[in-house]
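So the structure is just underneath, and the comments pick up after that.
What you see is a predicted model, and the numbers here were worked out from it, not measured in a lab. In what follows, every heavy atom counts, from backbone to side chain, and hydrogens, waters and symmetry copies are set aside.
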Amino acid sequence: MLEIEDILLWINNPHNLNELGWCYYYSKGVAQDFAMAAMLFEKAAEAGFAYAQYNLAKCYAAGDGVEANLEKAFYWFKQAAEQGDAYAQNKIGWCYENGNGVEKDLEKSLEWYTKAAEQGDEIAQYNLGVHYSNTEGLDHDLEKAEEWYKKAADQGHLDAQYKLEDLRIGMGLFDSWI
């Protein structure tokens with residue numbers, strides 16, 4: 001039988017709070033309740049748990065269980081990103097690229113995408129491929145675009161696979177689709 005001390009230790013563990021929040025968010029064993037999920041994510045996020053910070057940021061970005069607030073979403077994504085969470089780093093890159101919750105800054109966007117991509121995040125790798133293939137001026141670098149598209153494509157990212165082939169055809173590396 002569980003002792004009250006064991007229950008309190010479990011409840012106050014940020015990992016456990018995040019997991020319970022996940023259950024409420026995705027309706028796993030309990031009725032879906034975004035407000036309860038957000039509250040549990042917040043408690044774990046405030047304790048410094050990166051996964052909960054990421055999950056809480058997603059709640060703020062979508063308005064799931066809390067009022068949508070892009071500035072708060074950015075804040076919590078950044079908290080997780082600074083702890084090395086690659087998914088959060090990619091989201092921070094996206095926020096800077098699009099000016100969501102923060103002033104648009106393409107240089108910072110590139111910095112955060114690169115941090116995530118170097119950890120193997122296929123979406124960030126794809127985003128870097130897009131950056132290097134679409135930008136004008138100093139950042140326009142088709143070889144870097146090809147490198148990042150290939151890394152994402154090798155992980156099964158379908159859009160990266162298509163972009164990689166289009167890029168190679170455009171670079172004259174293939175004569176046709178045959």
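Closest approach of Ala50 and Ala80 over heavy atoms only: O-CB, 3.4 Å. Among all heavy-atom pairs drawn from Asp121 and Ile123, the shortest one is OD1-N, 3.1 Å. Residues Phe74 and Cys95 share a closest heavy-atom pair of CD1-CB, 3.7 Å. Looking at every heavy atom in both residues, Lys72 comes nearest to Asn69 through N-OD1, 2.9 Å. Minimum interatomic distance between Ala117 and Ala124 (heavy atoms only, all atoms of both residues): N-CB, 3.6 Å. Across all their heavy atoms, Ala44 and Ala52 have their closest contact at CB-CB, 3.4 Å.
For the atom pair CD of Glu146 and CG of Asp141, the computed distance is 10.5 Å after rounding to the nearest 0.5 Å. Within the model, atoms OG1 of Thr114 and CG of Asn90 stand 10.5 Å from one another, a figure rounded to the nearest 0.5 Å. Considering OH of Tyr24 and CG of Leu40, their distance stands at 7.0 Å, rounded to 0.5 Å. One finds the CD atom of Glu103 at 8.5 Å from the NZ atom of Lys108 (value rounded to the nearest 0.5 Å). A distance of 10.0 Å separates OH of Tyr149 from NE2 of His157, quoted to the nearest 0.5 Å. Distance check, rounded to the nearest 0.5 Å: CG of Asn100 to CD of Glu71 gives 9.5 Å.
Tyr75 and Val102 are members of different hydrophobic clusters when ILVMFWY side chains are connected at heavy-atom separations under 4.5 Å. Criterion: ILVMFWY side-chain heavy atoms under 4.5 Å apart, direct or through other members. Under it, Leu20 and Met36 are part of a common hydrophobic cluster. There is a path of hydrophobic side-chain contacts, each under 4.5 Å, that joins Phe77 to Trp112. At a threshold of 4.5 Å between side-chain heavy atoms, the hydrophobic network of Ile, Leu, Val, Met, Phe, Trp and Tyr places Phe34 and Met39 in two separate groups. Residue Trp76 is grouped with residue Val66 when hydrophobic side chains (ILVMFWY) are merged at heavy-atom distances under 4.5 angstrom, including chains of intermediate members.
Contact annotation: the side chain of Phe49 never approaches that of Asn13 to less than 4.5 Å [non-hydrogen atoms, C-beta and beyond]. Contact check for Lys163 versus Trp148: no side-chain heavy atoms found under the 4.5 Å cut-off. Using a 4.5 Å heavy-atom threshold, the side chains of Lys150 and Arg168 count as touching. You'll find the side chain of Lys104 stays beyond 4.5 Å of the side chain of Asn98, heavy atoms only. Contact of the Cys59 side chain with the Tyr25 side chain is registered, since non-hydrogen atoms from C-beta on lie closer than 4.5 Å.
Ring geometry for Tyr87 versus Tyr54: interplanar angle of 30 to 60°, hence tilted. Note: Trp22 and Tyr26 have tilted aromatic rings, judged against thresholds of 30 and 60 degrees for the angle between ring planes.
Looking at Ser27, its side chain does come within 3.5 Å of a backbone N or O of Val30 through a donor-acceptor pair. With hydrogens and angles ignored, the 3.5 Å screen pairs a side-chain donor or acceptor of Gln53 with a backbone N or O of Ala45. Put simply, the side chain of Gln79 never gets that close to the backbone of Ala57: no donor and acceptor are under 3.5 Å apart. In this structure a side-chain-to-backbone donor-acceptor pair under 3.5 Å is present from Gln161 to Ala153. Side chain of Gln89 to backbone of Ala81: a donor-acceptor contact under 3.5 angstrom is found.
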Next on the checklist: As a quick check of understanding, evaluate side chain to side chain contact (heavy atoms under 4.5 Å, CB included) for Tyr126 and Glu122, giving each step before the final call.
Outcome noted: CA-CA 6 Å; Tyr126 171 79; Glu122 70 185 60; over 6 Å; no
Checklist entry - Where do Asn12 and Leu17 land on the side chain to side chain contact (heavy atoms under 4.5 Å, CB included) test, with the steps shown first? => result CA-CA 7 Å; Asn12 288 315; Leu17 291 169; 5.7 Å; no
Item to check | Test side chain to side chain contact (heavy atoms under 4.5 Å, CB included) applied to Phe41 and Asn18, step by step | outcome: CA-CA 5 Å; Phe41 291 150; Asn18 182 66; 3.4 Å; yes
Checklist entry - Passes side-chain hydrogen bond (donor to acceptor under 3.5 Å, both in side chains), Glu97 versus Tyr113? Steps please. => result CA-CA 10 Å; Glu97 179 181 3; Tyr113 281 149; 2.5 Å; yes
Next on the checklist: Pair Leu128, Gln125 - check side chain to side chain contact (heavy atoms under 4.5 Å, CB included), show working.
Outcome noted: CA-CA 5 Å; Leu128 283 175; Gln125 292 168 344; 5.8 Å; no
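Residue Lys43 places its NZ atom among 12 or fewer non-hydrogen atoms of other residues, nucleotides or ligands, all under 6.0 Å distant.
Checking Tyr96 against Glu111 by side-chain atom types alone, no donor-acceptor pair falls below 3.5 Å.
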